[in-house]
Amino acid sequence: MSQPFYVSPQQLMQDRADYARRGIARGRSVVVLAYDGGILFVAENPSRALHKVSEIYDRIAFAAVGKYNEFENLRVAGVRYADLRGYSYDRSDVTARGLANAYAQTLGSVFTQESKPYEVEIVVAEVGSVPDRDQIYRLTYDGSVADEQGFVAMGGAAEPIATALSERWRADLTLGEALALAVELLAADPAGGDPRELGPEQLEVAVLDRHRERRLFRRVEGALLERLLSPSDPTTDVPHEDEHRPGTHDVLSGED
């Protein structure tokens with residue numbers, strides 16, 4: 001009579017963690033960092049349709065690395081959570097902390113109960129009326145939550161990027177300075193080789209701008225992104241009012 005195959009709980013959890021970490025490490029990195037006017041999201045993402053950065057609610061945004069279908073399910077669940085809570089109670093009751101707790105429960109349950117953990121790492125950020133009220137929460141595949149101060153990096157090259165940010169990030173960075181720093185670190189070679197060239201077409205950029213009314217999430221692309229990335233251009237911030245054109249209510253392109 002054959003003996004049943006036994007794997008200790010510790011080994012099972014370790015194997016699941018290793019599996020999830022390997023999947024996340026294959027993804028292109030995402031950087032989230034505070035600047036003097038809000039919170040900036042920069043992802044290396046050449047796709048114009050499959051977003052790594054998205055709006056969740058008025059002052060809250062979501063960024064992710066890993067398997068797209070898995071973090072897209074989390075994003076949709078977060079939007080539904082926020083809409084239901086805001087409708088049932090009040091819009092001010094929808095917070096990044098509450099959303100992070102909901103995500104932590106989901107990720108923790110999947111990690112311990114399902115046959116395969118989610119291969120994702122996510123950030124939930126909320127911009128406050130003043131910098132001291134900004135909130136950035138990082139959630140990993142097992143449901144662990146970290147309250148980050150000022151910046152966070154996720155994905156394949158997260159460790160060297162986070163190390164560099166700890167040395168160079170300042171709370172008073174302008175949007176242009178913060179964007180230049182994020183792009184420089186995303187383009188760096190972790191092995192020490194020559195940095196890559198990352199142009200606007202390879203980047204997904206968005207902001208939570210505390211100076212706006214109601215909806216504070218805006219994508220930054222097109223001519224405005226080119227100007228912000230250009231060292232010879234004096235543009236350092238996004239306009240605080242949008243041009244109201246059909247289909248571009250959440251995009252800052254800087255085009256006439």
Side-chain angles (χ1 to χ4, degrees), residues 1-33 41 43-45 50-54 56-57 60-85 93-126 135-166 185-186 190-191:
M1 181 177 179
S2 61
Q3 295 293 324
F5 184 72
Y6 173 76
V7 178
S8 68
Q10 294 88 345
Q11 185 62 52
L12 180 61
M13 293 298 105
Q14 183 62 50
D15 290 344
R16 288 183 176 182
D18 290 343
Y19 177 87
R21 281 195 291 263
R22 285 194 296 270
I24 294 167
R26 289 192 291 268
R28 294 185 177 97
S29 296
V30 175
V31 176
V32 180
L33 67 163
F41 304 79
E44 184 182 353
N45 182 17
L50 306 179
H51 296 303
K52 290 185 174 183
V53 180
S54 298
I56 294 291
Y57 212 58
I60 302 172
F62 169 100
V65 294
K67 293 195 70 172
Y68 176 80
N69 65 311
E70 293 178 347
F71 68 67
E72 177 65 8
N73 286 339
L74 292 171
R75 183 194 68 82
V76 172
V79 171
R80 289 173 177 165
Y81 165 92
D83 284 345
L84 179 60
R85 188 166 184 83
D93 291 319
V94 182
T95 64
R97 183 173 64 178
L99 185 60
N101 288 335
Y103 279 143
Q105 294 177 28
T106 299
L107 288 167
S109 296
V110 170
F111 183 76
T112 57
Q113 299 175 16
E114 301 297 328
S115 58
K116 185 191 84 65
Y118 275 4
E119 300 169 61
V120 298
E121 195 169 352
I122 66 175
V123 162
V124 177
E126 178 178 355
Q135 300 176 46
I136 302 175
Y137 297 101
R138 178 182 186 176
L139 293 99
T140 53
Y141 52 85
D142 61 353
S144 299
V145 184
D147 182 5
E148 302 288 350
Q149 301 299 315
F151 59 85
V152 62
M154 306 181 293
E159 188 172 341
I161 292 175
T163 299
L165 284 171
S166 67
L185 298 180
L186 287 171

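Below, each value reflects all heavy atoms present in this structure, side chains not excepted, and no hydrogens, waters or symmetry copies. We count residues from 1, following the sequence as given.
Side chain of T140 to main chain of E121: no donor-acceptor pair is present (N/O by atom type, distance under 3.5 Å, no hydrogens or angles). Looking at R16, its side chain does come within 3.5 Å of a backbone N or O of F111 through a donor-acceptor pair. In this structure, R85 contributes its side chain and D93 its backbone to a donor-acceptor pair below 3.5 Å. In this structure a side-chain-to-backbone donor-acceptor pair under 3.5 Å is missing from D142 to A17.
Taken from CG in L165 to CD in E148, the straight-line distance is 11.0 Å, to the nearest 0.5 Å. Between the CG atom in L33 and the CZ atom in F41 there is a gap of 9.5 Å [rounded to 0.5 Å]. In this structure, E70 CD and K116 NZ are separated by 3.5 Å, a value rounded to the nearest 0.5 Å. Going from atom OH of Y68 over to atom CZ of R75 covers 6.5 Å, rounded to the nearest 0.5 Å. A distance of 6.5 Å separates CD in E72 from OG in S54, rounded to the nearest 0.5 Å. The CZ atom of F71 lies 14.5 Å from the CG atom of L139; values are rounded to the nearest 0.5 Å.
Between A96 and E126 the shortest heavy-atom distance is N-OE1, 2.8 Å. The nearest pair of heavy atoms linking I56 to G78 is CG2-O, 3.9 Å. The shortest heavy-atom contact between A64 and I122 is CB-CG2, 3.7 Å. A153 and R138 make their closest contact through O-NH2, 3.4 Å (heavy atoms, listed as atom of the first residue, atom of the second, distance). For A104 against G143, the heavy-atom pair with the smallest separation is CB-O, 3.3 Å. Of all heavy-atom pairs spanning F151 and A162, the tightest one is CE1-O, 3.8 Å.
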request  = Apply side chain to side chain donor-acceptor pair (under 3.5 Å) to the pair Q105 and N101, showing each step before the final yes or no.
outcome  = CA-CA 6 Å; Q105 294 177 28; N101 288 335; over 6 Å; no

request  = Check step by step if side-chain contact (heavy atoms from CB on, under 4.5 Å) holds for V123 and V30.
outcome  = CA-CA 10 Å; V123 162; V30 175; over 6 Å; no

Derivation of the salt bridge (Lys or Arg N to Asp or Glu O under 4.0 Å) call for R80 and D83 = CA-CA 5 Å; R80 289 173 177 165; D83 284 345; over 6 Å; no

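Between V94 and L99, the closest side-chain pair of non-hydrogen atoms is not below 4.5 Å. At least one side-chain heavy atom of L107 sits under 4.5 Å from a side-chain heavy atom of L74. Contact of the V53 side chain with the H51 side chain is not registered, since no non-hydrogen atoms from C-beta on lie closer than 4.5 Å. At a threshold of 4.5 Å between non-hydrogen side-chain atoms, the residues R28 and N45 do not count as touching. The shortest distance between side-chain heavy atoms of D147 and I136 does not fall below 4.5 Å. Using a 4.5 Å heavy-atom threshold, the side chains of I24 and Y141 count as touching. Counting heavy atoms from C-beta outward, I161 and S29 have side chains that approach closer than 4.5 Å. Residues Y57 and F62 fail the side-chain proximity criterion, which asks for heavy atoms closer than 4.5 Å.
Looking at E119 and Y19, their side chains do bring a donor and an acceptor atom within 3.5 Å of each other. With 3.5 Å as the limit, one finds no donor-acceptor pair spanning the side chains of Y137 and R97.
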